[in-house]
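Side chains are part of it too, since the values below use all heavy atoms of this structure and drop only hydrogens, waters and symmetry mates.
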Amino acid sequence: MDDAEERHFREFVETRSAALMRLAYLLAGGDQHAAEDLLQAALAKAAKHWAGIDDPEPYVRRTLYRQQVSTWRRTRRRRETRVAAPPEEVARDATSAVDLKLTVRTALARLTSRQRAVLVLRFFEDLPEAEVARILGCGVGTVRSTTHRSLARLRELAPELNDRKPEEARQ
């Protein structure tokens with residue numbers, strides 16, 4: 001990598017790392033350390049191939065997805081570690097937006113890696129089912145059924161989200 005390419009790579013990392021970190025955090029199920037490792041691995045791969053990358057943002061995002069898919073494929077035979085139960089319902093006040101984020105984060109963390117990846121790609125990244133299927137290396141029917149089961153499990157884990165009005169959920 002010559003000086004101009006290195007400068008361009010550093011600028012990309014400085015400007016896009018926050019958004020990419022949010023995506024990695026969601027894909028890693030709210031595990032900050034796993035998200036940092038995921039992003040670092042994706043950026044390392046991008047740096048290695050930087051000269052041949054035309055549009056770095058989609059390249060790094062695709063690398064993040066694929067790294068996470070590889071992780072859950074390696075660990076899918078192992079049992080998932082259960083986390084502590086979500087906190088009991090508290091009276092909603094000015095902190096309701098924070099409560100909502102914590103509830104969703106806790107519930108997402110309790111889903112399997114594959115379920116979490118499908119929900120993040122479908123609803124956070126707003127990708128069509130066909131694109132999600134291509135990224136995850138499965139069929140569109142698998143994406144549909146996984147989405148359906150994941151949302152049902154999410155409702156089961158966080159029933160308080162079912163009672164929210166649509167305006168509250170957008171906050």
| Going through the checks in order, is the side chain to side chain contact (heavy atoms under 4.5 Å, CB included) test met by Thr63 and Leu43? | CA-CA 9 Å; Thr63 305; Leu43 290 174; over 6 Å; no

Could you tell me the separation between the [atom1] atom of [X] and the [atom2] atom of [Y], rounded to the nearest 0.5 Å?
X: Leu38; Y: Leu20; atom1: CG; atom2: CG; result: 10.0 Å
X: Ile53; Y: His8; atom1: CD1; atom2: NE2; result: 10.0 Å
X: Asp54; Y: Tyr59; atom1: CG; atom2: OH; result: 11.5 Å
X: Arg114; Y: Cys138; atom1: CZ; atom2: SG; result: 4.5 Å
X: Leu127; Y: Leu136; atom1: CG; atom2: CG; result: 9.5 Å
X: Leu27; Y: Glu125; atom1: CG; atom2: CD; result: 7.5 Å

| message | Determine whether a donor-acceptor pair (N or O, by modelled atom type, separation under 3.5 Å) exists between the side chain of Thr15 and the backbone of Phe12. | response |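 Looks like yes, one N/O pair under 3.5 Å.
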
| query | Taking Gln115 for the side chain and Thr112 for the main chain, is one N or O donor matched with an acceptor at less than 3.5 Å? | reply |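 Side chain of Gln115 to backbone of Thr112, a donor-acceptor pair under 3.5 Å: yes, one is there.
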
| request: Answer yes if the side chains of Arg116 and Ser113 hold a donor-acceptor pair under 3.5 Å, and no otherwise. | output: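 A donor-acceptor contact under 3.5 Å links the two side chains.
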
| said: Does either side chain, that of Glu36 or that of Gln40, offer a donor lying less than 3.5 Å from an acceptor on the other one? | reply: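 Glu36 vs Gln40: no donor-acceptor pair found between side chains.
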
| Is Val140 reachable from Ile135 through a run of I, L, V, M, F, W or Y residues, each pair having side-chain heavy atoms under 4.5 Å apart? |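 Looking at the clustering, Val140 is in a separate group from Ile135.
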
| Does Leu119 share a hydrophobic cluster with Tyr25, counting links as ILVMFWY side-chain heavy atoms below 4.5 Å and allowing steps through other members? |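 As far as the 4.5 Å side-chain criterion goes, Tyr25 and Leu119 are not connected within one cluster.
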
| request: Could you walk me through whether Asp2 and Glu5 pass the side chain to side chain contact (heavy atoms under 4.5 Å, CB included) test, one step at a time? | output: CA-CA 5 Å; Asp2 65 16; Glu5 289 173 342; 3.2 Å; yes

Which heavy-atom pair separates [X] from [Y] by the least distance, and what is that distance?
X: Val60; Y: Ala46; answer: CG2-CB, 3.8 Å
X: Ser17; Y: Leu39; answer: O-CD2, 4.0 Å
X: Ala107; Y: Leu157; answer: O-CD1, 3.5 Å
X: Ala28; Y: Ala34; answer: CB-CB, 3.9 Å

| query | Any side-chain heavy atom of Tyr65 sitting closer than 4.5 Å to one from Val120? | reply |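 Heavy-atom side-chain distance check fails, nothing below 4.5 Å.
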
| said: Within a 6.0 Å radius of atom CZ on Arg134, are there more than 12 heavy atoms belonging to other residues, nucleotides or ligands? | reply: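 Correct, the count exceeds 12.
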
| If you count the non-hydrogen atoms of other residues, nucleotides and ligands that lie under 6.0 Å from CG in Asp3, is the total more than 12? |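 No.
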
| task | Please lay out, stage by stage, how His148 and Arg144 fare under the test side chain to side chain contact (heavy atoms under 4.5 Å, CB included). | result | CA-CA 6 Å; His148 176 74; Arg144 287 180 184 150; over 6 Å; no

| query | Can Leu108 and Leu111 be said to form a side chain to side chain contact (heavy atoms under 4.5 Å, CB included), step by step? | reply | CA-CA 5 Å; Leu108 280 174; Leu111 295 175; 3.8 Å; yes

| field | Ion pair check, Arg61 and Glu57, cut-off under 4.0 Å | value |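 Salt bridge: yes.
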
